[in-house]
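Below is one structure, written out as structure tokens, with a few remarks after it.
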Amino acid sequence: ELRNKVTTCCGGVRISELYGSTETGSIAVDGRLVTEVEVRGPESAAGRGELWVRRGGAWLPTGDLVQLLGRQRRRVRVLGRVSSAFKTSSGVFVNPEAVEAALTAALRSRRVDHLLIFGSPEYARTVAIVYGAVSSTEGYEEELQEAVRAAARRLSLRCVPWTVLLAPAGESLPTTTTWKVDRRAVWSRHGARLREAMAAAERESTRAG
């Protein structure tokens with residue numbers, strides 16, 4: 001969407017998407033691996049896992065969770081960061097970033113700026129915390145939770161947060177020095193609330209089941 005807007009504003013100038021890192025330089029352009037880069041992994045049958053690359057030297061981990069596509073596995077789709085992924089107690093592997101992006105975009109009309117999903121190997125259910133959606137209306141949190149579930153169903157998303165919490169009014173989303181979401185800082189601030197929400201979701205789903 002951003003690429004289309006920039007292309008329109010710049011009179012049809014072609015915009016390419018570059019994927020790389022400081023250590024390795026360019027890895028892919030518009031989803032296709034550049035010819036001088038060797039890649040290793042992912043090893044799973046689905047072609048998903050951490051990407052390792054090298055340019056004539058040592059193998060370097062990118063820290064990115066990717067999917068390699070095509071018969072020659074020379075097309076790459078970045079799914080998120082390895083450090084963000086987690087597995088629930090039911091054995092479900094969750095890559096939250098793709099789901100977060102889809103839900104955040106779908107909930108813009110409700111003033112949702114950011115939605116982050118958290119889970120734990122101790123619990124089967126995931127929970128979310130939302131930044132930007134501030135309202136003093138009674139029942140707003142439950143209303144937003146239903147909106148999240150409706151958006152997830154509409155988008156055919158498999159990872160649906162069982163509970164949605166609101167970040168305190170006026171609190172900014174923590175970011176790193178490179179402007180990436182600092183999930184550790186979010187957990188440091190709200191981990192107790194998130195963990196209690198997971199436990200409550202587990203109890204509720206057990207009673208419902």
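Numbers here simply count residues along the sequence, with the first being 1.
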Query raised in the report: Near Arg54 CZ, under 6.0 Å, is it more than 12 heavy atoms from other residues, nucleotides or ligands?
Result: yes
Query raised in the report: Would the number of heavy atoms belonging to other residues, nucleotides or ligands and lying under 6.0 Å from CZ of Arg189 be above 12?
Result: yes
[X], [Y]: one ILVMFWY side-chain cluster at the under-4.5 Å cut-off?
X      : Y      : answer
Ile129 : Ile117 : no
Leu165 : Val181 : yes
Leu79  : Leu69  : no
Leu18  : Val78  : yes
Leu194 : Val92  : no

Indicate the atoms forming the closest heavy-atom contact of [X] with [Y], along with that distance.
X      : Y      : value
Ala85  : Phe93  : CB-CZ, 3.5 Å
Glu97  : Gly80  : OE1-CA, 2.6 Å
Phe86  : Ser120 : CD1-N, 4.3 Å
Gly119 : Thr126 : CA-CG2, 4.5 Å
Thr62  : Arg81  : O-NH1, 3.0 Å
Gly63  : Glu50  : N-OE2, 3.1 Å

**Report entry** Passing candidate, side-chain contact (heavy atoms from CB on, under 4.5 Å) with Val53, options Val34, Val39, Leu33
**Finding:** Val39
Requested in this report: State which residue, out of Val160, Val164, Leu103, Leu144, fulfils the side-chain contact (heavy atoms from CB on, under 4.5 Å) condition with Arg149.
Outcome: Val160
Kindly compute the distance separating [atom1] ([X]) from [atom2] ([Y]), expressed to the nearest 0.5 Å.
X      : Y      : atom1 : atom2 : value
Arg32  : Asp30  : CZ    : CG    : 9.0 Å
Leu166 : Glu171 : CG    : CD    : 11.5 Å
Thr24  : Trp59  : OG1   : CH2   : 12.0 Å
Leu51  : Ile27  : CG    : CD1   : 6.0 Å
His190 : Arg195 : NE2   : CZ    : 15.5 Å

Query raised in the report: Hey, does Asp113 have a side-chain heavy atom less than 4.5 Å from the side chain of Val130?
Result: no
Requested in this report: Check whether any side-chain heavy atom of Pro121 lies under 4.5 Å from a side-chain heavy atom of Lys87, and answer yes or no.
Outcome: no
Requested in this report: Could you list all the ring pair (Phe, Tyr, Trp, His ring centres under 6.0 Å) pairs where at least one residue sits in residues 95-132, not counting sequence neighbours?
Outcome: Phe118-Trp187
Query - Contacts of type side chain to side chain donor-acceptor pair (under 3.5 Å), residue Thr35, not counting sequence neighbours - result: none
Requested in this report: Please step through side chain to side chain contact (heavy atoms under 4.5 Å, CB included) for the pair Glu122 and Ser89, ending with a clear verdict.
Outcome: CA-CA 5 Å; Glu122 300 175 43; Ser89 64; 5.9 Å; no
Query raised in the report: Counting distance only, does the side-chain N/O of Ser26 pair as donor-acceptor with the main-chain N or O of Ala28 below 3.5 Å?
Result: no
Query raised in the report: Any sub-3.5 Å donor-acceptor pair from Thr104's side-chain atoms to Leu115's backbone N or O?
Result: yes
Report task. Tell me, please, which residues at least two apart from Glu100 pass salt bridge (charged side-chain N to carboxylate O under 4.0 Å, His left out). Result -> Arg183
Report task. Check whether the side chains of Asp64 and Tyr19 place a donor and an acceptor atom closer than 3.5 Å, and report yes or no. Result -> yes
Presence of salt bridge, [Y] and [X], under 4.0 angstrom:
X      : Y      : answer
Glu146 : Arg153 : yes
Arg55  : Glu36  : yes
Arg203 : Glu196 : yes
Glu204 : Arg125 : no

Query raised in the report: So Thr88 and Val94, side chain to side chain contact (heavy atoms under 4.5 Å, CB included) or not? Walk me through it.
Result: CA-CA 8 Å; Thr88 66; Val94 178; 4.2 Å; yes
Report task. Start with the C-alpha distance between Val148 and Val112, add both sets of side-chain angles, then the distance that settles side chain to side chain contact (heavy atoms under 4.5 Å, CB included), and finish with yes or no. Result -> CA-CA 10 Å; Val148 167; Val112 171; over 6 Å; no
